[in-house]
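One-based numbering, in listed order, for ligands and for the atoms of each.
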Amino acid sequence: MKPRYIILQVAVPRPIYYSLSYRSSDLSIQAGCRVQVPLGHTEVTGVVMAVQSESDQSKPPQTLKNIIRVIDSEPIFEPSLLAILLWCNRYYHTAIGDIVFTAVPLALRKTRQVPPTTIWQSSSSQQAKDIGRLNRAKKQKLLITTLLETPVVSEQQCKQLLGASYRTILKALKEKGWIQSSEISPYQCFTPSKEVKIVAPLTLTDEQSDAVQRFEDEAKQACPKPILLHGITGSGKTEVYLRMITAAIKAGQQALILVPEIGLTTQLIDRFQRFFPQQSVVSLNSAIARMTRLSHWVALKSGEANIIIGTRSAVFASFKQLGVIIIDEEHDLSFKQHEGFRYHARDIAVKRAYDLKIPIVLGSATPALETLHNSQSGKYHYVHLSRRPGARSSPIITVQSTLGSPLKAGLSTPLLQQIQQRLDKNQQVMLFLNRRGFAPTLLCQNCGWHSQCRDCDSNMTLHAKDQKVRCHHCGYEEHVITSCPNCQSRQLDTQGQGTERVEIALQGHFPDTTIIRIDRDTIRKKGEMDHKLQHIRAGKAAILLGTQMLAKGHDFPLVTLVGILDIDRSLYSTDFRSPERLAQLIIQVSGRSGRGKHKGRVILQTSQPDHPLLVTLLSEGYLSFANALLAERKLWNLPPYSYQALIRAESLKQPNALQFLERVLMYFKEIEGLTLMGPMPSLMERRAKWYRAQLLLTSTQRSVLHHAIKQQLETIGKIRKGGQLRWSIDIDPLDT
Ligand code: ADP
Ligand code: ZN
Ligand code: ZN
């Protein structure tokens with residue numbers, strides 16, 4: 001008998017762990033299509049995760065609701081991506097809807113259809129003769145010449161060929177009647193010119209060639225192992241990535257390049273586009289307008305674009321045929337999402353590559369201890385780039401004690417002298433201070449009062465230009481006061497310094513020098529970062545001052561001196577990951593120095609010049625340092641030698657979160673092989689009005705941990721929570 005219904009497992013945008021079952025008499029619906037379904041009293045758009053026949057379902061189909069309608073005629077997710085999303089559901093113990101809707105482009109979260117692909121072709125053959133008439137309209141001429149060679153080009157290609165004004169040019173030619181457009185299905189493969197031309201002006205060093213060779217050998221394996229590319233800063237990793245993806249591009253496959261969430265994508269896109277002038281390179285990140293993002297997503301899905309450079313969530317892009325994955329700066333924390341669906345893009349990328357049996361490269365000058373451990377246990381290959389190409393050498397790092405020498409807004413006299421020397425030679429200086437604002441504390445000298453956030457256990461930072469004190473954790477702000485609210489004394493003072501204050505001090509000291517400050521206060525709008533970067537590249541003497549944003553990945557050839565102003569706080573931190581992070585930061589920031597013709601130098605200002613952490617890192621290098629940390633972690637059974645999950649809870653009334661976790665604790669107490677820590681208040685207990693607490697689960701066996709969570713998840717969900725309590729699970733947490 002012919003089936004009358006199919007059963008659809010649908011992920012809906014609600015915090016529900018499993019997909020919901022619906023039925024449909026449209027037997028042609030495939031997994032990966034969006035459907036409109038009834039849910040409670042409303043209708044929502046969901047994604048079909050699996051299709052089952054009538055008999056697969058234990059419930060009789062009569063009791064299931066019908067879907068309202070199907071939105072897509074073809075799946076928006078390929079089967080391998082659906083499998084990854086389902087894996088995330090099991091691994092991260094997160095609601096399926098939260099996962100799936102991370103992968104659905106913003107513009108497709110409701111019922112909008114996937115837009116068709118627009119293609120352009122010439123409308124008559126007369127043009128070869130008339131082309132001379134376009135001499136003054138260079139871009140129009142360029143397009144017509146291209147169309148004489150390649151009869152059909154997509155809108156995406158036009159954009160690439162003609163730049164930002166492509167729409168105007170297309171319109172002008174269309175009005176002349178020279179070209180015409182048509183639309184094809186986004187799922188139809190639009191194949192642009194197959195020729196893969198590469199422009200490779202650099203000759204690889206031996207080390208670089210070896211790295212590429214090792215990659216190519218591995219890529220030929222039936223199941224390639226991930227490769228850790230440990231290349232010191234400035235060793236030319238980008239050049240190596242370009243060569244590594246070439247074979248895949250030539251084979252008609254696509255490449256995914258994941259980068260940290262910093263202003264680096266524009267530069268990298270340029271670099272990849274120049275190397276592959278005929279390929280379509282697109283990017284996906286949250287800074288791109290949603291409709292542009294959608295067109296990029298479609299271009300990838302149809303196979304028209306074959307290189308994508310994106311941040312964290314690009315790991316969920318849809319592909320026609322993904323052939324290789326690169327993760328640049330793989331140690332970077334921004335690959336981990338810290339709220340909602342708490343995933344790690346690097347780990348998912350490794351899983352995606354494994355499923356597809358394609359090669360993946362994890363590149364960094366300061367690999368994460370997890371990754372290093374994987375390369376030492378044989379799970380990953382290890383490839384090293386130990387030198388900078390050409391005559392460039394790595395910078396020399398010196399530690400400068402701030403003890404006993406007076407500081408001027410955080411800058412020591414020797415550092416100021418060094419800065420002057422570089423400026424005199426028309427070179428650039430970069431100063432790093434991971435704290436924005438003028439000063440982190442405003443305090444009363446008379447009674448000791450200091451400005452505290454109303455809603456958090458945290459100081460308010462003074463922002464002098466805005467005349468505000470602001471909480472950097474919740475955003476709460478107030479006008480600056482001139483007298484102490486406690487004792488009315490007018491003796492208010494500041495303590496410590498942020499980038500705003502250092503900028504003012506520098507301006508006073510070097511009045512004729514351009515000072516470029518890069519932090520979240522100066523980079524608020526789109527394009528501001530690129531604008532500042534251009535300024536830096538323009539190549540005049542300047543002082544660059546900034547936070548993390550400035551520290552990572554950039555290639556500023558004129559910087560010959562880097563000053564790291566304040567690391568003392570990190571030296572005192574109790575978090576077991578703190579030494580790893582500090583070492584990564586020091587090496588990364590230092591790596592910005594001496595990337596051009598001139599030798600680089602780094603000055604590390606600290607009140608703890610003999611701290612063992614600094615001594616080992618600077619005398620033995622990152623790898624030895626990291627190995628020492630790994631040995632310590634092994635001793636204490638810490639990750640990567642054990643696996644962790646953190647259950648967090650927060651409540652508006654102080655005891656509720658802790659009380660809830662006390663009950664959660666009961667369910668895990670008896671489980672063998674599981675170590676529990678807590679519940680205890682979080683390091684910063686109150687944040688944005690919520691009192692926070694946590695319970696840490698650790699096991700040396702991943703399966704024990706995951707099994708326990710899976711077993712108890714439903715029970716935890718059923719604990720009576722009283723008003724206003726939120727809780728979540730973080731698998732492989734990075735801030736415990
Ligand atoms: P990394 O990402 O490893 O820090 P980059 O990829 O930014 O390093 O490269 C650093 C600099 O070295 C860049 O200016 C790049 O153009 C240059 N470079 C890379 N490879 C070569 C090479 N084989 N020959 C000459 N210069 C190179
Ligand atoms: Zn006071
Ligand atoms: Zn606050």
Side-chain angles (χ1 to χ4, degrees), residues 200-212 229-244 257 259-260 264 267-268 270-272 274-275 326-332 361 363-367 383-395 442-461 468-478 481-493 537 551-559 587-597 600 684-690 692:
L202 294 177
T203 314
L204 294 189
T205 63
D206 289 349
E207 259 188 353
Q208 285 175 318
S209 308
D210 285 350
V212 177
L229 178 66
H230 177 206
I232 63 159
T233 55
S235 58
K237 289 186 285 297
T238 314
E239 202 60 31
V240 172
Y241 300 148
L242 289 166
R243 315 294 171 122
M244 284 173 167
I257 294 105
V259 296
L264 277 176
Q267 271 179 64
L268 266 184
D270 274 3
R271 185 76 198 91
F272 277 71
R274 271 184 282 129
F275 190 84
I326 307 276
I327 305 179
D328 190 24
E329 313 285 356
E330 67 85 28
H331 65 278
D332 198 276
V361 178
S364 174
T366 51
V383 176
H384 193 35
L385 298 176
S386 64
R387 279 184 296 273
R388 290 183 170 185
R392 284 176 286 242
S393 54
S394 292
L442 179 67
L443 79 151
C444 170
Q445 289 185 316
N446 188 38
C447 75
W449 168 91
H450 61 277
S451 58
Q452 270 257 313
C453 177
R454 183 189 63 180
D455 299 332
C456 307
D457 295 332
S458 158
N459 285 350
M460 302 270 272
T461 300
K468 295 261 167 67
V469 284
R470 203 170 277 151
C471 172
H472 286 185
H473 297 283
C474 71
Y476 175 71
E477 59 177 33
E478 283 172 5
I481 42 169
T482 47
S483 58
C484 172
N486 190 37
C487 72
Q488 278 71 48
S489 154
R490 299 185 75 84
Q491 281 178 289
L492 291 183
D493 199 4
R537 278 165 204 290
K552 303 184 229 166
H554 297 282
D555 191 22
F556 302 134
L558 283 176
V559 172
I587 301 294
Q588 291 290 342
V589 178
S590 302
R592 301 313 113 206
S593 182
R595 295 168 75 94
K597 297 199 286 279
M684 187 175 125
E685 186 179 11
R686 190 158 178 262
R687 181 176 178 152
K689 295 193 168 76
W690 292 81
R692 309 175 313 148

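Between the SG atom of Cys484 and the SG atom of Cys447, the angle centred on the Zn ion (ligand 2) amounts to 110° when rounded to 10°. Taking the Zn ion (ligand 3) as the corner point, the angle from Cys453 atom SG to Cys471 atom SG is about 110° (rounded to 10 degrees).
The closest donor-acceptor contact from the side chain of Arg388 to the backbone of Gly594 lies under 3.5 Å. No donor-acceptor pair under 3.5 Å is formed between the side chain of Glu239 and the backbone N or O of Leu202. Distance alone, capped at 3.5 Å, places no donor-acceptor pair between the His450 side chain and the Leu442 backbone.
Checking only distances, Leu202 never comes within under 3.5 Å of ligand 1, N or O to N or O. Of the N or O atoms in Thr238, one or more lie within a sub-3.5 Å distance of an N or O in ligand 1. Considering backbone and side-chain atoms together, Gly234 places an N or O closer than 3.5 Å to an N or O of ligand 1.
If you run side-chain contact (heavy atoms from CB on, under 4.5 Å) between Arg470 and each of Glu477, Met460, Glu478, only Glu477 comes through.
For the 3.5 Å distance criterion, the side chains of Ser489 and Gln445 fail to qualify, holding no donor opposite an acceptor. With 3.5 Å as the limit, one finds no donor-acceptor pair spanning the side chains of Asn446 and Gln491.
Among the backbone and side-chain atoms of Cys456, an N/O/S atom is found under 2.8 Å from the Zn ion (ligand 3). Residue contact annotation: Cys474 places an N/O/S atom under 2.8 Å from the Zn ion (ligand 3).
Of all atoms in ligand 1, listed by their number and element, those nearer than 4.0 Å to a heavy atom of Thr233 are 4 (O). Within ligand 1, the atoms closer than 4.0 Å to a non-hydrogen atom of Arg595 are 1 (P), 4 (O), 5 (P), 7 (O), 8 (O), 10 (C), numbered from 1 in the order shown. Set against the non-hydrogen atoms of Thr203, the atoms of ligand 1 under 4.0 Å away are 22 (C), 23 (N), 24 (N).
Listed here is the closest heavy atom pair of Thr205 and Pro389: CG2-CB, 3.8 Å.
Under a 4.0 Å heavy-atom criterion, Ser235 is in contact with ligand 1.
Between Pro557, Gly591, Pro389, it is Pro389 that holds the heavy atom closest to atom 18 (N) of ligand 1.
Heavy atoms of other residues, nucleotides or ligands lying less than 6.0 angstrom from CZ of Arg271 number more than 12.
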